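To find a chain, count down the sequence lines: A is the first, B the second, and so on, and within it residues start at 1. This is a predicted model, so every value here is computed, not measured.
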2 protein chains.
Amino acid sequence: MKSREKLFKLLEKIKQQLETVSDLPEVATAQLETDLQSIYNQLNSVKADPAVDPTIRIWSDGACSGNPGPGGWGTIIFEDGRYQEFSGFQSKTTNNIMEMTGALEGIRRTPEGSQLIITTDSQYLVKGMTEWLRGWKRKNWKKADGKPVLNKSIWMALDAAAGLRDIQWQWVKGHNGHLQNERCDELARDAIEEAIKS
Amino acid sequence: MKSREKLFKLLEKIKQQLETVSDLPEVATAQLETDLQSIYNQLNSVKADPAVDPTIRIWSDGACSGNPGPGGWGTIIFEDGRYQEFSGFQSKTTNNIMEMTGALEGIRRTPEGSQLIITTDSQYLVKGMTEWLRGWKRKNWKKADGKPVLNKSIWMALDAAAGLRDIQWQWVKGHNGHLQNERCDELARDAIEEAIKS
RNA sequence: GGACACCCCUUUCC
DNA sequence: GGAAAGGGGTGTCC
């Protein structure tokens, strides 16, 4: 399978890099460790029996040329040894809407009751889902400053979809060498091209 | 004159933008209309005979790093075709004091008996001068809750200066693309830099 | 409770 | 340099 070959190639690349570089700063070491672990988990899950570890991993990212402007999202779903990429665009949107849409589109392609790990570089999305959403619902969708929460309809769709699944949200720093995050960024940017053409 | 060239340039820029953009959302259209009207009024008043329309326009804004903290104010006076900018700072003050000071410094640079339009984004200032001041003086500078009015000395200075002129107070939303308001904001911020240095 | 402004911080998108 | 979004806070009034 093509996508799996890609992963093996990347693994090899990283190994070579580790061998050639003599002194890594601690931050970079930790970073590499995370990446390697991530890749290991993926390769491992290829062989894993889905009945034993049914966790589905989702990565997503959004981009927006101009903000607001034409925007795109990219999503990777890694489930049961199957690696899939999705993307889409909107002709006029914002960075945050694309960020949310990427995750939502990922979740939607997943069965109800699934156990998910969703990784994104958007703190707006992660904190929104894990910290702020509860308060917003309690305070009738008002922010701390009393003004209405923006993008309410997408937050509600996300909340509804998330309510039917067991989701663990994970934030990673953007443009920091995270393999899948960078790939999603690429997917999102490619989608923008389509948005501009159409 | 340099400031007039600036205005012409801005007019040209906006014209170009209007020509290139095909479909504007309504909000943006309204915004542009306001800006264009503002610029038109300015250019027009350059040619206007001050004996016929002696109105002096003042814009002012205040800023304050930390609130309380080092603060600055910025004021634009547009009088008889002459465009002038002023600014100043205080090492420790509040946002509202700077907001008031900006207007006061503008008024002071204007002859007694002048007819002024003062534009600010501070509702504290506009409502203070047009609604609340009368009541405070009647009730011996006590607020609705019975406590003393704050910043009394500046309110009194403002009242004295305003009493000698014919002033129309106008409120505009802050950070909303209002040309002169944004410029005053810039002047105020630049002034804070000086406050911090000194 | 409401309004306006001023700040501090975080992340992403340009 | 700016926008899209969120949290925390103060300055002031009704």
Side-chain angles (χ1 to χ4, degrees), chain A residues 60-73 92-100 102-103 120-133 135-136 139 141-152 154-155 171-176 181 184-185 188-189 192, chain B residues 60-73 92-103 120-133 135-136 139 141-152 154-155 171-177 181-182 184-186 188-189 192:
Chain A
S60 74
D61 192 33
C64 184
S65 175
N67 197 24
W73 55 269
K92 178 146 193 208
T93 183
T94 70
N95 63 329
N96 290 328
I97 290 173
M98 284 301 94
E99 219 68 76
M100 296 165 85
T120 170
D121 62 23
S122 169
Q123 218 155 95
Y124 177 62
L125 178 55
V126 173
K127 295 206 168 179
M129 291 305 289
T130 60
E131 298 177 25
W132 304 332
L133 191 59
W136 292 338
K139 292 191 297 177
W141 294 92
K142 295 276 185 279
K143 292 187 295 180
D145 63 6
K147 295 198 172 67
V149 173
L150 299 189
N151 303 323
K152 178 181 164 186
I154 310 182
W155 282 120
W171 176 81
V172 290
K173 182 154 180 56
H175 305 289
N176 211 324
N181 180 256
C184 288
D185 185 61
R189 278 166 206 286
I192 290 181
Chain B
S60 74
D61 192 34
C64 183
S65 175
N67 196 28
W73 55 269
K92 180 151 190 205
T93 183
T94 71
N95 65 328
N96 291 327
I97 290 174
M98 284 299 94
E99 217 75 68
M100 297 164 86
T101 304
T120 170
D121 62 23
S122 168
Q123 224 158 88
Y124 177 63
L125 179 54
V126 172
K127 294 206 170 179
M129 290 305 288
T130 60
E131 297 177 26
W132 305 332
L133 192 59
W136 292 338
K139 292 192 296 177
W141 294 92
K142 295 277 186 278
K143 292 186 295 181
D145 64 5
K147 295 196 175 70
V149 173
L150 299 190
N151 304 322
K152 179 181 163 188
I154 312 184
W155 282 119
W171 177 81
V172 291
K173 185 154 178 54
H175 305 286
N176 212 321
N181 181 255
E182 308 253 308
C184 287
D185 185 61
E186 205 176 306
R189 278 167 205 285
I192 290 182

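The backbone N or O of B:Ser122 sits nowhere less than 3.5 Å from a side-chain atom of B:Glu99 that would complete a donor-acceptor pair.
Between A:Val126 and A:Glu131 there is no side-chain heavy-atom pair separated by less than 4.5 Å. Side chains of B:Pro68 and B:Lys92 form a contact here, defined as non-hydrogen atoms less than 4.5 Å apart. B:Ile97 places a side-chain heavy atom less than 4.5 Å from the side chain of B:Thr101. Under the 4.5 Å side-chain criterion, counting only non-hydrogen atoms from C-beta, A:Thr130 is not in contact with A:Trp171.
Among residues two or more places apart in sequence or in another chain, the side-chain hydrogen bond (donor to acceptor under 3.5 Å, both in side chains) test is passed with A:Asp121 by A:Asn181. Not counting sequence neighbours, the partners of A:Asn67 by the side chain to side chain contact (heavy atoms under 4.5 Å, CB included) test are A:Cys64, A:Thr94, A:Asn95. Scanning for side chain to side chain contact (heavy atoms under 4.5 Å, CB included) contacts around B:Ala188 gives B:Ala63, with sequence neighbours left out. For B:Glu186, the side chain to side chain contact (heavy atoms under 4.5 Å, CB included) partners are B:Arg183, B:Asp190, not counting sequence neighbours.
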For nucleotides 6-13 of chain C, just jot down a letter per nucleotide in 5' to 3' order: B, S or -, based on protein non-hydrogen atoms under 4.0 Å. BSS-SSBB

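Counting non-hydrogen atoms under 4.0 angstrom, B:Ile97 reaches the backbone sugars and phosphates but no base. B:Val149 comes within 4.0 angstrom of the backbone, heavy atoms only, and of no base. In this structure, A:Asp145 reaches neither bases nor backbone, as no heavy-atom distance under 4.0 Å exists between it and the strands shown. B:Trp136 comes within contact range of the sugar-phosphate backbone alone, with a heavy-atom separation under 4.0 Å but no base atom that close.
Once rounded to the nearest 0.5 Å, the distance linking CZ of B:Arg189 with CG of B:Asp61 reads 8.0 Å.
Nucleotide C:A3 holds its P atom 19 Å from the NZ atom of B:Lys143, rounded to whole Å.
With a heavy-atom cut-off of 4.0 Å to chain A, the contacted part of DNA chain D has its first and last nucleotide at D:dA3 to D:dG8.
Annotation: the terminal axes of the helix from C:G1-D:dC14 to C:C14-D:dG1 meet at 20°, where each axis is the rotation carrying the C1' atoms of four end pairs onto the next four (5 pairs per end, rounded to 10°).
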What donor-acceptor contacts under 3.5 angstrom involve side-chain atoms of residues 141-151 of chain B, with partners at least two apart or in another chain?
from: B:Asp145; atom 1: OD1; to: B:Lys147; atom 2: N; distance (Å): 2.9
from: B:Asn151; atom 1: ND2; to: B:Tyr124; atom 2: OH; distance (Å): 3.1

